[in-house]
Amino acid sequence: MTAPISVQVKSYAAVDLGASSGRVMVGRVGPDSLGLTEAHRFPNRPVRTPEGLRWDILALYAGVLDGLRTAGQVDSVGIDSWAVDYGLLDADGALLGNPVHYRDTRTEGVAEKVWATVPADELYARTGLQYAPFNTLYQLAAARESAQLAHAERLLLIPDLLTYWLTGEAGTELTNASTTQLIDPRTREWATDVASRLGIDLGLFAPLRRPGDPAGLLRPEVLEETGLTGPVPVTTVGSHDTASAVAAVPATGGERFAYICTGTWSLAGLELDAPVLTEAGRAANFTNELGLDGTVRYLRNIMGLWLLQECLRAWGDPELTELLRAAADVPPLRSVVDAGDAAFLAPGRMPARIADACRDSGQPVPESPAEITRCILDSLALAHRRAITEAQALADHPVDTVHIVGGGTRNALLCQLTADACGLPVVAGPAEAAALGNVLVQARADGLVGDRTAMRQLLARTQPLERYEPRGHTAAWRAAEARLTAR
């Protein structure tokens, strides 16, 4: 009798930190299997202190430890999070205060001071990064005279800081480093000339790491705290959550695709082999961030479901399913706002601010929660259309399918409206793309899966996906776009 063939399946813990919550997910990966379960979810609540808006990084670390304890024995751990923010350490490796939140007001007016030394067009030509007031470069410029920065010996981006606490080893993961506006996307190394002219000490940063690189072993104290048996390696993943999410786009071979990573933000764009550093790209505010295997994430940041999240908070967190059902019955495209407008960046009064924007632009003012929700979703779909249309033209890279990944895949109305607006089929899923991308990079480093194409094929075979075909024609969307661009 022939002995049964043993199929190797391994478990990987993906720490995935978003702007409003964190989670520890466990991925089980085999040659033709990929499953994901949630071990622990915990809130991410920023705290407003007398100094400004801060991340509660100790609560996040405690959530990570609780999640690893719940996850049980795993073969590796990887961490991804939002971009740009960082912690400062002193010479003893101790944290110098809670990291500043990217929505803090300290960077107001800082960009203009930076541009006086390195003009905006030159900065884009060197770093390829879109303008956002909270880019790490502007945060460092804002902190130049601070006591914390003066005493700092090390700067670690958020996932690198948590990795350091888990392992005692410091590194700077490249895909996240590319959001600092201090990386040259052509060389994939630090833009030393830009940093030098702006007085930024690149010696603060730990050595660069790439996805798949080893990041150390869980410290004995961490093993004791979590109940895990060592050695447990920590693997460098695409530590910017968007890099991990794009790695988990379930595109099939030969498919020409655009992607939209949806959640608090919408990141809409293309996966390219080289950056697009043109003046037209800068004027359109497209960014060139680094991805897996030498790729470039050519995309635009859109305010995303933050608009709806803030409205829900203002309305007392009503039942979302009923609200979306009511929004579907509201006449389409009555009023739209620019979902990329920095006016919507700060928290608070979101329903009133959306109503004010509609009033100021001479459009009907949405009043009920259903009307405001429909305005938001129409506006997001329109912003998705604009970003994908412009990205194709700027990069000379046509697409035939749009992949939506992340939390927004659960919003069927948004997915359908995006298909309608783009005039392209939308494939929605997976919802936990960042965690899946995180897991797959660990599994690949472990020799369990193949290249990026093989990763995506495994996703397409194993994850639930929903396809949305475009309805009607795009004339109404073009007219709505014209209303926005005319202002």
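Scope of the values below: all heavy atoms of this structure, side chains included, with no hydrogens, waters or symmetry mates.
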Is there a side chain to side chain donor-acceptor pair (under 3.5 Å) between Thr179 and His240 once you walk through the steps?
CA-CA 8 Å; Thr179 71; His240 183 196; 5.3 Å; no
Side chain to side chain, Val276 and Asp396, heavy atoms closer than 4.5 Å
no
Using the test side-chain contact (heavy atoms from CB on, under 4.5 Å), find all partners of Pro133 that sit at least two apart in sequence or belong to another chain.
Thr107, Tyr131, Leu345
Side-chain (Thr175) to main-chain (Leu290) donor-acceptor, under 3.5 angstrom:
no
Provide the closest heavy-atom pair for Phe205 versus Trp190 in the form atom of the first, atom of the second, distance.
CD2-CH2, 3.4 Å
Donor-acceptor side-chain pairing of Ser146 and Gln148 below 3.5 angstrom:
no
Mind checking whether Arg300 and Thr287 have side chains closer than 4.5 Å, heavy atoms only?
no
Check whether the side chains of Arg478 and Thr474 place a donor and an acceptor atom closer than 3.5 Å, and report yes or no.
yes
Do the side chains of Leu267 and Glu289 get nearer than 4.5 Å, heavy atoms only?
no
With a 6.0 Å cut-off (strictly less than), is the heavy-atom count around CZ of Arg41, excluding the residue itself, greater than 12?
yes
Mutual orientation of the aromatic rings belonging to Phe286 and Tyr298 [parallel < 30°, tilted 30-60°, perpendicular > 60°]
parallel
Is a donor from one side chain sitting under 3.5 angstrom from an acceptor on the other, for Gln139 and Asp85?
yes
Counting N and O atoms only, with roles assigned by atom type, does the side chain of Trp477 sit under 3.5 Å from a partner on the main chain of Gly423, one being a donor and the other an acceptor?
no
